Amino acid sequence: NQPALIGFLEAAAANGLKTELLFGDARWVLPGSGYPYQGYAVSLVSTYTAQLLSQMTTGKPVAVHFDVEPYSLKQWQVEQNTIALDYLSLVTQLATAAHSLALTLSVDVPYWYSTIPVTQASLTTPMNQLVLNIVDNYVIMDYWDTAPRVERQATTDLTYANGIPGKQVVIGVLATCNQAPADTSFCNSGTHSGTAWMEQVLGQVRNAEAPNPSFAGLAIEDYAAFSTLAP
């Protein structure tokens with residue numbers, strides 16, 4: 001429904017907001033054409049986003065944003081290196097497609113990609129570095145409910161990204177209820193819960209990470225959960 005989406009994007013721009021187009025499906029990591037494979041994910045940018053932009057004069061999105069989590073597939077358990085390479089192939093194609101439309105590419109990633117070794121042509125490199133080399137904006141799903149833990153989990157990514165001019169890293173936290181373990185979210189039954197505590201933690205994280213040139217801000221997953229989070 002591109003007319004409705006255009007109306008939303010224009011309204012957001014009129015209220016001073018920049019927007020990104022968010023897409024997500026773990027199966028898109030798998031090579032192939034058509035849904036639900038890599039070819040379909042790339043077409044969301046090269047075909048459908050291109051169509052959208054061609055109909056707009058104001059309020060255009062600034063990025064395409066992909067939440068593709070290959071580790072949720074059963075293949076990750078037995079073919080981790082192959083699936084990791086498939087993911088790198090996907091984000092490379094997405095970056096090319098996005099840049100051809102003058103858009104940037106954002107990706108959502110777990111905080112632990114730095115612990116995943118990926119071997120390419122006999123060279124082994126941490127997965128977080130390989131992804132950071134490709135994408136423009138690296139959004140860490142840094143889900144925990146205390147500032148020291150959030151900061152510690154983001155340090156490796158920020159340190160590497162600091163060495164790449166223009167690279168941006170966003171630190172994301174979670175506000176959705178009924179998560180396991182409970183302390184991965186700011187909606188839980190413990191003392192580390194609610195909007196006031198979350199804002200305190202995010203303020204500490206922002207102050208701690210501000211010296212990093214790659215630090216580009218904070219994200220909350222997701223708006224629906226945040227809007228109903230306890231005080």
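Quick note: numbers below take in every heavy atom, side chains included, and nothing from hydrogens, waters or symmetry partners. Predicted, not measured: the structure shown is a model, and the values here were computed from it.
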Looking at [X] and [Y], what are the two nearest heavy atoms and their distance?
| X | Y | answer |
| --- | --- | --- |
| Leu105 | Ala95 | CD2-N, 3.6 Å |
| Leu9 | Gly59 | CB-O, 3.5 Å |
| Val173 | Asp142 | CG1-O, 4.1 Å |
| Ala26 | Ser72 | CB-OG, 3.2 Å |
| Val201 | Ala147 | CG1-N, 3.6 Å |
| Val68 | Asp25 | CG1-O, 3.6 Å |

Do the side chain of [X] and the main chain of [Y] share a donor and acceptor less than 3.5 angstrom apart?
| X | Y | result |
| --- | --- | --- |
| Ser193 | Gly190 | no |
| Asn188 | Ala182 | yes |
| Thr96 | Thr92 | yes |
| Gln2 | Tyr48 | yes |
| Thr119 | Thr124 | no |

Is the count of non-hydrogen atoms from other residues, nucleotides or ligands lying under 6.0 Å from Tyr71 atom OH greater than 12?
-> yes
Is the OH atom of Tyr37 crowded by more than 12 outside heavy atoms at less than 6.0 Å?
-> no
Gap between atom [atom2] of [Y] and atom [atom1] of [X] - 0.5 Å precision:
| X | Y | atom1 | atom2 | value |
| --- | --- | --- | --- | --- |
| Leu17 | Thr19 | CG | OG1 | 8.5 Å |
| Lys167 | Asn162 | NZ | CG | 12.5 Å |
| Trp76 | Tyr87 | CH2 | OH | 10.0 Å |
| Ile171 | Asp157 | CD1 | CG | 9.0 Å |
| Leu174 | Phe226 | CG | CZ | 13.0 Å |
| Tyr160 | Leu132 | OH | CG | 7.0 Å |

Any luck finding a side-chain donor-acceptor pair between Glu151 and Thr155 under 3.5 Å?
-> no
Taking atom types as modelled, is there a side-chain donor on Asn137 or Ser106 under 3.5 Å from an acceptor on the other?
->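 On atom types as modelled, these side chains qualify, holding a pair under 3.5 Å.
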Would you call [X] and [Y] a side-chain contact if the rule is heavy atoms closer than 4.5 Å?
| X | Y | result |
| --- | --- | --- |
| Gln38 | Gln93 | yes |
| Val62 | Glu20 | yes |
| Leu88 | Gln120 | yes |
| Ile164 | Tyr138 | no |
| Leu94 | Val107 | no |
| Asn81 | Val118 | yes |
| Asn1 | Leu5 | no |
| Thr195 | Pro231 | no |

How far apart are the C-alpha atoms of Phe215 and Val169, what are their side-chain angles, what is the distance that settles it, and do they pass the side chain to side chain contact (heavy atoms under 4.5 Å, CB included) test?
-> CA-CA 5 Å; Phe215 177 60; Val169 175; 5.8 Å; no
If hydrophobic clusters are built by linking Ile, Leu, Val, Met, Phe, Trp and Tyr wherever their side-chain heavy atoms come under 4.5 Å apart, do [X] and [Y] end up in the same one?
| X | Y | answer |
| --- | --- | --- |
| Val29 | Met127 | yes |
| Trp112 | Val109 | yes |
| Leu85 | Leu130 | yes |
| Val45 | Leu22 | no |
| Leu218 | Ile140 | yes |

Where do Tyr143 and Gln179 land on the side chain to side chain contact (heavy atoms under 4.5 Å, CB included) test, with the steps shown first?
-> CA-CA 10 Å; Tyr143 297 163; Gln179 298 299 296; over 6 Å; no
Between Asp183 and Arg149, is a side chain to side chain contact (heavy atoms under 4.5 Å, CB included) present by the stated rule, with each step listed?
-> CA-CA 11 Å; Asp183 47 9; Arg149 181 66 180 266; over 6 Å; no
With under 30° as parallel and over 60° as perpendicular, where do the rings of Tyr40 and Trp28 fit, or are they tilted in between?
-> tilted
For the pair Leu52 and Ile6, evaluate side chain to side chain contact (heavy atoms under 4.5 Å, CB included) and give the outcome as yes or no after the intermediate values.
-> CA-CA 8 Å; Leu52 182 78; Ile6 289 170; 3.5 Å; yes
